[in-house]
Amino acid sequence: MDEKNISAENSFEKKPKNFIYEIIEEDIKTNKWNGRVHTRFPPEPNGYLHIGHAASICLNYGIARDFNGKFNLRFDDTNPEKEEVEYVESIIEDVKWLGGDFEDRIFYASDYFEQMYNWAVELIKKGKAYVDDLNPDEIRKYRGTLTEPGKESPYRNRSVEENLDLFERMRKGEFKNGQKVLRAKIDMASPNINMRDPIMYRIVHAEHHRQGNKWCIYPTYDWAHGIEDSIEKITHSICTLEFENHRPLYDWFLNELGVYHPQQIEFARINLNYTVMSKRKLLKLVQEKFVDGWDDPRMPTVSALRRRGYTPEAIRNFTDNSGIAKRDKVSDISLLEFSIREDLNKSAQRAMAVLKPLKVVITNYPENKTEELEAVNNPEDSSMGTRKIPFSREVFIEQTDFMENPPKGFHRLIPGGEVRLRYAYIIKCEEVIKNKDGEVIELHCTFDPETKSGTGTSQKKVKGTIHWVSANHSISAEVRLYDRLFSVEEPDADKEKDFLELLNPNSLEIISNALIEPSLKDSKPGTRFQFERHGYFCVDTKFTTKEKLVFNRTVTLKDSWGNKTK
RNA sequence: UGCCGGGUCGUCUAAUGGUAGGACUACGCCCUUUGGAGGCGUCUGCAGAGGUUCGAAUCCUCUCCCGGCAGCCA
């Protein structure tokens, strides 16, 4: 091939998406893995997945898809005390929902325990691992500090035979938790603390969610993870930055074993402002009932985002736009919100809902008349068609759409002013009815029959168009409005205050008597709508009953007027 | 004062020795029967100092700042 052809071909190549794609493209060029690409997502089933995990799933699955490779789901279930079947099940559901297609490749690290044990025996025989009798406290002291080398355990130089015997007896259950560990024999003076004879096995007498009581010794992350990757013939083992210091150890184990050796690559995890991402803190919010579960719509978990009305597409776009790099980052929540607005604007059916109703009587409209008005289901997508909305003499509008003493620039209803009722007529406010406390409780208006929507006969122009529902036809629903869970940008960053003190007390507002148009009556849980001029809403899957629809607000519409008045 | 990794608009991310660009946000304007959507525009950035070079965000040196690591967690 001559140079011209090469450059012609190159001009069709897409620019690598990020530094990991660059590495993989280079590997393909040099045939490092015989052209194979095989990634994995290796969660520990000790909690629900959050948006950060979603980024990892999208990255790993996306790589497999883009390079015609494979993607595994693998549970890193090496710690029976923290792991549960509930978490396994939720993780499978979430990965699938996000579009991470692992086909039939769902694996469990615990299925490799026998192989891991045998390889540990091999290392003992090579003189590269030993059983240590030091207790946890002693081990910590012997490890040294960040600036001082550690010292060797007095048990470090046991004979191979003794180590073999002790290790076998560890497995048999002859010792108590913490009594003995198996350690790799590397270098107690290493500047990398992870290399100071790291622990490979600890004794844990606990029931494992898949293995039951078969094992009482469990491998540590460092020992187990490379083996899991190796067994599955992973090519690129992608993990987060905090494992960078562990890479020498990952490599050491695989080299000593002389087995298939994937490449570990680290990238910066995604953080989001106004929330927390650590599983420990999320668990605390759940356990101490600050939220109604892992899927409370205010949580940053995948199941919460789903319940709130996010689409997999929006989450994928968000993680794509957040980018993959090595510098620490805190992504702005507004980018997440942008991604769901962008998606739902194109796909969500429009509807009218009045959250805080104000009664309007149209005095010149016949008492018993009902009109069926035509409304567009989605102005962005005419294939979604139209629907009929009933209109009658009494309607409800939004309390905030009327002001007796409006500020400059207010386009809605004012005494003596006119406004269009969406898809209906232009009305004029003739009289304001108040209660004895001076609160506005009702408006008397007149309508102009010449201004019916869609007739094209109206010469009249008004600045504002507001939404409404017919008093006799609307149905009641519960609407839940969510705001950010925390009132500060980085709840983790404050060293003075516990993150629980920084919770936003107004993160949930429940409106129990909102009025919605009758076409929404039989909406199925999970269905998404745009309530015009309010935002996107989703029928809640947890609290909706046959008697009552409950809507979650996914995100507000952008509101340039509201911003101005703040 | 150990080791490892990072510093590009407010946020996120490109440019890999050759015009610092995009997205989000914010703010204007236009348009609009959703104050939505859409269109157009504006603001703001290479941590600092030297050096190499015709030319540096990019290469080198020093400084500063930030993050991770001392679980029998992952």
Side-chain angles (χ1 to χ4, degrees), chain A residues 15 18 22 42-44 46 76 78-79 81-82 132 134-136 139-141 143-150 177-183 190-196 198-204 217-218 220-222 224-225 239-248 266 268 270 273 279-280 318 321-339 341-342 345-346 350 352 376 378-380 409-412 419-424 426 451 453-454 458 461-467 489 530-535 556-565:
Chain A
K15 205 182 73 176
N18 55 56
E22 280 175 31
E44 185 192 13
N46 67 343
D76 200 10
T78 56
N79 184 357
E81 290 177 314
K82 289 188 177 172
D132 196 351
L134 255 29
N135 66 40
I139 286 184
R140 182 167 47 77
K141 282 179 181 140
R143 188 150 35 219
T145 69
L146 294 176
T147 50
E148 296 159 326
N177 287 4
Q179 211 175 117
K180 285 185 167 40
V181 288
L182 184 72
R183 302 178 73 173
S190 173
N192 181 344
I193 288 185
N194 297 124
M195 301 299 272
R196 319 238 262 230
I199 288 162
M200 296 165 63
Y201 278 95
R202 73 278 205 188
I203 297 169
V204 183
I217 55 171
Y218 287 89
T220 55
Y221 171 87
D222 287 313
H225 206 87
C239 61
T240 43
L241 249 29
E242 70 269 28
F243 294 106
E244 214 156 17
N245 295 337
H246 294 244
R247 182 162 16 101
E266 311 84 13
I270 286 189
N273 56 13
K279 279 194 200 171
R280 203 198 97 243
F318 167 73
N321 293 333
S322 292
I324 301 298
K326 292 195 78 162
R327 59 184 92 95
D328 295 320
K329 63 174 166 230
V330 182
S331 284
D332 203 310
I333 189 88
S334 68
L335 187 60
L336 217 209
E337 294 177 343
F338 166 78
S339 71
R341 283 194 192 104
E342 186 187 39
N345 176 47
K346 293 181 196 125
R350 312 288 127 122
M352 293 204 283
V376 172
N378 188 341
E380 304 290 320
F410 187 76
H411 290 173
R412 287 107 98 151
V419 76
R420 174 173 288 282
L421 294 180
R422 177 86 158 147
Y423 296 123
I426 291 174
T451 59
S453 185
S458 174
K461 287 270 180 205
V462 286
K463 275 265 174 71
T465 298
I466 63 175
H467 61 277
E489 265 200 49
Q530 183 198 101
F531 289 170
E532 296 213 19
R533 303 209 305 134
H534 280 301
T556 60
L557 253 24
K558 273 195 356 190
D559 180 6
S560 49
W561 171 247
N563 283 155
K564 250 181 215 167
T565 53

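Below, chains carry the letters A, B, ... as their sequence lines are ordered, and counting in each starts from 1. Bear in mind the structure is a predicted one, so any value in this text is a computation, not a measurement.
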Asks: Under 3.5 Å, which N/O atoms of the protein pair with N/O atoms of nucleotides 42-47 of chain B?
Replies:
none

Asks: With nearest nucleotide decided by heavy atoms, which residue, A:Asn18 or A:Arg143, maps closer to the 5′ end of RNA chain B?
Replies: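 Going by which nucleotide is closer to the 5' end, it is A:Asn18.
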Asks: Is any side-chain N or O of A:Glu380 under 3.5 Å from a base N or O of B:rG36, one able to act as donor and the other as acceptor?
Replies: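 Yes, the side chain and the base share a sub-3.5 Å donor-acceptor pair.
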Asks: When you match A:Asp76 and A:Glu22 each to their closest nucleotide on RNA chain B, which lands nearer the 5' end?
Replies: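 Whichever sits nearer the 5' end wins; that is A:Glu22.
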Asks: Just compare B:rU33, B:rC69, B:rG35 and give me whichever is closest to any side-chain atom of A:Ile193.
Replies: B:rC69
Asks: Quick one: stems for RNA chain B, with Watson-Crick or G-U pairs under 3.5 Å, at least three in a row?
Replies: B:2-7 with B:64-69, B:10-13 with B:21-24, B:26-30 with B:38-42, B:47-51 with B:59-63
Asks: Where do N or O atoms of nucleotides 23-25 of chain B meet protein N or O atoms at under 3.5 Å, pair by pair?
Replies:
unit_1	atom_1	unit_2	atom_2	d
B:rC24	O2'	A:Ser334	OG	3.2

Asks: Which nucleotide wins on minimum distance to the side chain of A:His411, given the candidates B:rA74, B:rA70, B:rG35?
Replies: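 Side chain of A:His411 sits closest to B:rG35.
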Asks: Hey, does A:Leu182 reach any base, or is it just sugar-phosphate, or nothing, if we go heavy atoms under 4.0 Å?
Replies: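 No contact at all - A:Leu182 keeps every heavy atom at 4.0 Å or more from the nucleic acid.
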Asks: Determine whether any donor atom in the side chain of A:Ser453 lies under 3.5 Å from an acceptor atom in the base of B:rU33, or the reverse, and answer yes or no.
Replies: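 Counting by modelled atom types and ignoring angles, a donor-acceptor contact under 3.5 Å is found here.
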Asks: Looking at every strand, decide which applies to A:Val330 at a 4.0 Å heavy-atom threshold: base, sugar-phosphate, or nothing.
Replies: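 Contact class for A:Val330: sugar-phosphate only.
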Asks: Of the candidate nucleotides B:rA70, B:rA74, B:rC12, which contains the atom at the shortest distance from the side chain of A:Ser322?
Replies: B:rC12
Asks: Is A:Arg412 side chain donor-acceptor paired with the B:rG35 base, going by distance under 3.5 Å alone?
Replies: yes
Asks: Which nucleotide in the list B:rA14, B:rA37, B:rA74 gets nearest to the side chain of A:Asn345?
Replies: B:rA37
Asks: How many whole angstroms separate atom OH of A:Tyr201 from atom P of B:rA74?
Replies: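 Atom-to-atom, A:Tyr201 to B:rA74, this comes out as 12 Å.
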Asks: Counting N and O atoms only, with roles assigned by atom type, does the side chain of A:Arg196 sit under 3.5 Å from a partner on the main chain of A:Arg143, one being a donor and the other an acceptor?
Replies: yes
Asks: Give the nucleotide from the list B:rU34, B:rU33, B:rC72 with an atom nearest to the side chain of A:Leu557.
Replies: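 Minimum distance to the A:Leu557 side chain belongs to B:rU34.
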Asks: Mind checking what makes salt bridge (Lys or Arg N to Asp or Glu O under 4.0 Å) contact with A:Arg183, not counting sequence neighbours?
Replies: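 A:Arg183: salt bridge (Lys or Arg N to Asp or Glu O under 4.0 Å) contacts with A:Asp132.
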Asks: Assign A:His246 to base, sugar-phosphate, or nothing according to its heavy-atom contacts below 4.0 angstrom with the strands shown.
Replies: base
Asks: Taking only residues two or more places apart in sequence, or in another chain, which ones meet A:Phe338 in a ring-ring contact (aromatic ring centres under 6.0 Å, His included)?
Replies: none
Asks: With A:Arg341, which residues qualify under salt bridge (Lys or Arg N to Asp or Glu O under 4.0 Å), at least two apart?
Replies: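 Here no residue qualifies.
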Asks: Spell out yes or no: do the side chain of A:Arg533 and the base of B:rU34 have one donor N/O and one acceptor N/O closer than 3.5 Å?
Replies: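 No, no donor-acceptor pair under 3.5 Å.
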